[in-house]
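Structure record follows, encoded as structure tokens.
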There are 2 protein chains.
Amino acid sequence: MVEHTQTLDAVFGSLADPTRRDILKRVGRKELSVSKIAKPYNVTLAAISKHLIILEKAKLINKHRRGKQQVVRLSPTALKDASEYLRRYRKIWEERLDRLEVYLIKKK
Amino acid sequence: MVEHTQTLDAVFGSLADPTRRDILKRVGRKELSVSKIAKPYNVTLAAISKHLIILEKAKLINKHRRGKQQVVRLSPTALKDASEYLRRYRKIWEERLDRLEVYLIKKK
DNA sequence: GGTATGTTCAACCATATGGTTGAATGATAA
DNA sequence: TTATCATTCAACCATATGGTTGAACATACC
């Protein structure tokens, strides 16, 4: 499997903001309209709208209209790819960690 | 375990750049001096130095002087925390994915 | 049609990134 | 102590984020 650099940039960039991480968490539980998403945060709707655009570009969520509302939910496919990457990444890191620990023990 | 928002911001922010991801990968294999790190990329040393400062703030690497050189390596402790988070995060995501898939099947 | 509700767009501001160049610092070697 | 190598700092530029306000769309309701 190939690493899609651009995708990873967008996914990790999305995760770099606490509001966006929180939005992902909440939207993962239950799909929500834009204004419901915005409610808990002390920022304007426009600010949340921008966060959602960033998450959408990263393909972590998608929106569809339901009447007056825009309903937001986690995007299954892209989420799967991201999740897959995170797992591989973690494995690689942990391998390295193991090697580092061995190294540190040797030095003692 | 508590989520250190600030740490996560810095870690994911670090991972959002392809050059930094690549630096982490290479430094994980073998500790490297700053100029050796810089060699493969078509940017100035100063640019790489900035990337390293960002990675250092995120506690993903540390530097120590060896003679004239600054030697860079993966930071075991912070990396462990980050890795731990990634694992939890992935689990949560995958759970949600499962639920989403069920939902999608139901809709058919 | 006109009005209310829900969301986005446009213009703006401040700060961070990602890059440059050129000067300054640290450490070693002559 | 001076020259050299390795790295960072300072000043600058362009672009992206994260926020604001106020106007503009879209859809539903009367």
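So you know, we letter chains A, B, ... as the sequences are listed, proteins then strands, and number each from 1. Values below: all heavy atoms of this structure, side chains included; hydrogens, waters and symmetry mates excluded.
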Item checked: A/R20 side chain vs A/G13 backbone, donor-acceptor pair below 3.5 Å -> yes
Next item on the list: Could you tell me whether B/K57 contacts a base, only the sugar-phosphate backbone, or nothing, with contacts defined as non-hydrogen atoms closer than 4.0 Å?
Entry: nothing
Next item on the list: List the protein contact pattern of nucleotides 20-30 of chain C with one symbol per nucleotide (5' to 3'): B for base contact, S for sugar-phosphate-only contact, - for none; contact means a heavy-atom distance under 4.0 Å.
Entry: BB-----SS--
Item checked: Atom-to-atom span, CG of A/L52 to C1' of D/dG18 - whole angstrom -> 13 Å
Item checked: Length of the CG-C1' vector between B/D9 and D/dT17, whole Å -> 12 Å
Check: Once you round it to whole Å, what is the distance between P of C/dT17 and CG of A/D17?
Finding: 13 Å
Next item on the list: Please check if atom NZ in A/K63 has more than 12 non-hydrogen atoms from other residues, nucleotides or ligands closer than 6.0 Å.
Entry: yes
Margin query: Need to verify one output field. Residue with the more 5' nearest nucleotide on DNA chain C, B/T19 or A/K36?
Written below: A/K36
What donor-acceptor contacts under 3.5 angstrom involve side-chain atoms of residues 39-46 of chain A, with partners at least two apart or in another chain?
| unit_1 | atom_1 | unit_2 | atom_2 | d |
| --- | --- | --- | --- | --- |
| A/Y41 | OH | A/D22 | OD2 | 2.7 |
| A/Y41 | OH | A/R26 | NH1 | 3.1 |
| A/T44 | OG1 | A/A47 | N | 3.2 |

Next item on the list: Would you please confirm or rule out a distance under 4.0 Å between OP1 or OP2 of D/dG19 and any side-chain N or O of A/H51?
Entry: yes
Notebook entry, point to check: Could you give the CD-to-C1' distance, from B/Q69 to D/dT8, as a whole number of Å?
Noted result: 15 Å
Check: Of the non-hydrogen atoms in A/V34 and A/I48, which two are nearest, and what is the gap between them?
Finding: O-CG2, 4.5 Å
Notebook entry, point to check: Is a donor on one side and an acceptor on the other found under 3.5 Å between the side chain of A/R65 and the backbone of A/Q70?
Noted result: no
Note to self: Categorize B/S33 for me: base, sugar-phosphate, or nothing, with a 4.0 angstrom heavy-atom threshold over every strand shown.
What the structure shows: sugar-phosphate
Note to self: How many whole angstroms separate atom CZ of A/R20 from atom C1' of D/dG19?
What the structure shows: 12 Å
Check: Within this structure, what is the CD-to-P distance between B/E56 and C/dT17, rounded to whole angstrom?
Finding: 14 Å
Note to self: Between P on D/dG18 and CD1 on A/I53, what's the gap in Å once rounded to a whole number?
What the structure shows: 13 Å
Check: Can A/R66 and A/E31 be counted as an ion pair, charged N to O under 4.0 angstrom?
Finding: yes
